[in-house]
Amino acid sequence: MRHRRTRPDALLRPPGAGTTRALDAIWQVVGAIPRGRVSTYGAVAHAAALPGRARQVGYALRVAPAELNLPWHRVVGAGGRIVFPRSSRQHLEQARRLRAEGVRVRDGRVAAAALTDLDGL
DNA sequence: GCCCTGACCGCCA
DNA sequence: ATGGCGGCCAGGG
């Protein structure tokens with residue numbers, strides 16, 4: 001076969017890649033957040049070699065395939081704040097999941113102690 | 001290609 | 001603590 005321009009993983013993903021790298025990096029970082037610990041969009045972006053692109057982390061989680069079973073609830077906004085609107089379905093769901101892991105959630109915020117650094121990833 | 005919309009963030013009034 | 005603003009950048013229309 002002379003030209004194989006499609007990698008195996010590319011076949012499992014819709015065409016028009018290019019951003020795929022960033023998404024994979026983000027998903028990998030999120031998947032590495034330990035149970036019972038939390039990180040922020042900004043920190044995840046940084047760890048995924050995408051400093052300053054916190055929004056892309058939000059997008060990555062938004063479009064993440066359910067099959068990946070990512071612990072999306074472990075990602076919160078700066079300062080440990082749950083970014084979804086107070087009474088939204090998602091906010092409640094995230095708080096519920098976090099509490100289920102023993103994370104204290106008070107007033108839409110997680111305790112600073114729950115934040116993890118995720119240094120080398 | 002332009003414009004708008006975001007699971008964001010830091011700064012400043 | 002709170003709200004506004006600009007910066008960031010990928011998608012979708």
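Throughout, protein chains are lettered first and strands after them, A, B, ... in sequence-line order, and every chain is numbered starting at 1. The analysis underlying the following values was restricted to heavy atoms, covering all of them including side chains, and did not include hydrogens, waters or symmetry mates.
Salt bridge annotation for Glu93(A)-Arg97(A): present, with a cationic side-chain nitrogen under 4.0 angstrom from a carboxylate oxygen. Salt-bridge formation is not detected for the pair Arg37(A)/Glu101(A): no Lys NZ or Arg NE/NH1/NH2 atom is positioned less than 4.0 Å from an Asp or Glu carboxylate oxygen.
Residue Arg55(A) places none of its side-chain N or O atoms closer than 4.0 Å to OP1 or OP2 of dA10(C).
Rounded to an integer number of Å, the gap from His91(A) NE2 to dA7(B) P is 16 Å. What separates CG of Leu50(A) from P of dG7(C) is a distance of 21 Å, to the nearest Å. Taking atom CZ of residue Phe84(A) and atom P of nucleotide dC8(B), one finds them 8 Å apart after rounding to whole Å. In this structure, the CD atom of Gln56(A) is 17 Å from the P atom of dG6(B), given to the nearest Å. Here dG11(C) presents its C1' atom at 16 Å from CG of Leu61(A), a figure rounded to the nearest Å. To the nearest angstrom, C1' of dA7(B) lies 16 Å from CZ of Arg86(A). Straight-line distance from the CZ atom of Arg21(A) to the P atom of dA10(C): 15 Å, rounded to whole Å. The CD1 atom of Ile26(A) sits 14 Å away from the P atom of dA7(B) (whole-angstrom rounding).
Both distances falling under 3.5 Å, in either a Watson-Crick or a G-U wobble arrangement, occur for no nucleotide opposite dC8(C).
If you check every strand for non-hydrogen atoms under 4.0 Å, Tyr59(A) touches sugar and phosphate atoms only.
Using a distance-only test at 3.5 Å, with no hydrogens or angles considered, a donor-acceptor pair links the side chain of Arg99(A) to the main chain of Val105(A).
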### Message
Test salt bridge (charged side-chain N to carboxylate O under 4.0 Å, His left out) on Asp107(A) and Arg81(A); report intermediate values, then the result.
### Response
CA-CA 9 Å; Asp107(A) 208 43; Arg81(A) 169 178 144 279; over 6 Å; no

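Comparing Arg109(A) and Arg53(A), the nucleotide of DNA chain C nearest to each residue sits closer to the 5' end for Arg109(A).
Counting only heavy atoms from C-beta on, Val83(A) has its side chain closest to dA7(B) among dG10(B), dA10(C), dA7(B).
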